[in-house]
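From a predicted model like this one, the values you see are computed outputs, not experimental measurements.
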Amino acid sequence: MAAPQTAPLSNRANVVDEMFTEAKIEALNSKLIERGISADQVIAILPVEAQIMANPVPPQFRVLYRTA
């Protein structure tokens with residue numbers, strides 16, 4: 001008797017990846033094009049506030065996207 005077939009679980013690393021860009025639409029679009037990320041792959045675009053203490057960082061977008 002053959003063993004029942006089960007759906008394989010995903011153990012792949014980096015199924016979801018992230019990147020940070022400057023908080024400007026032009027910068028976001030150029031980074032997406034540069035990395036070859038289509039709109040279908042984007043999961044979320046989250047605003048990240050600027051950090052003014054210690055290591056100053058301007059406002060950014062955090063982009064979560066599917067790699068596969």
Side-chain angles (χ1 to χ4, degrees):
M1 186 164 128
Q5 295 276 333
T6 59
L9 299 175
S10 177
N11 288 329
R12 294 181 293 171
N14 294 332
V15 173
V16 174
D17 206 352
E18 71 178 351
M19 70 175 182
F20 289 87
T21 69
E22 189 178 352
K24 295 181 181 176
I25 299 298
E26 298 82 19
L28 173 63
N29 287 337
S30 73
K31 193 72 136 185
L32 290 171
I33 291 168
E34 176 183 307
R35 291 188 178 206
I37 300 169
S38 70
D40 294 340
Q41 291 175 275
V42 175
I43 298 169
I45 300 173
L46 307 166
V48 178
E49 292 184 21
Q51 178 180 347
I52 58 173
M53 303 295 277
N55 297 326
V57 176
Q60 296 180 324
F61 286 136
R62 177 182 180 205
V63 181
L64 301 175
Y65 62 95
R66 291 181 189 87
T67 58

Student: To the nearest 0.5 Å, tell me how far E34 CD sits from M19 CE.
Tutor: 8.5 Å
Student: Got a sec, which residues hit side-chain contact (heavy atoms from CB on, under 4.5 Å) with I43, two or more places apart in sequence or on another chain?
Tutor: V16, L64, R66
Student: Linking directly or through intermediates, with side-chain heavy atoms under 4.5 Å: list the remaining ILVMFWY members grouped with V48, chain and number order.
Tutor: F20
Student: Listing request: all side-chain hydrogen bond (donor to acceptor under 3.5 Å, both in side chains) pairs with a residue in residues 20-29, at least two apart in sequence or in separate chains.
Tutor: E22-K24
Student: Name all residues meeting the side-chain contact (heavy atoms from CB on, under 4.5 Å) criterion together with P58; count only those two or more places apart in sequence or in a different chain, and write none if there are none.
Tutor: none
Student: From I37 CD1 over to Y65 OH, what is the distance, rounded to the nearest 0.5 angstrom?
Tutor: 4.0 Å
Student: Quick one: list whatever passes salt bridge (Lys or Arg N to Asp or Glu O under 4.0 Å) with R62, sequence neighbours left out.
Tutor: E18
Student: List in chain and number order the residues that pass salt bridge (Lys or Arg N to Asp or Glu O under 4.0 Å) with K31, two or more places apart in sequence or in another chain; answer none if no residue qualifies.
Tutor: none
Student: Give the minimum heavy-atom separation between Q51 and M53, together with the two atoms involved.
Tutor: NE2-O, 3.3 Å
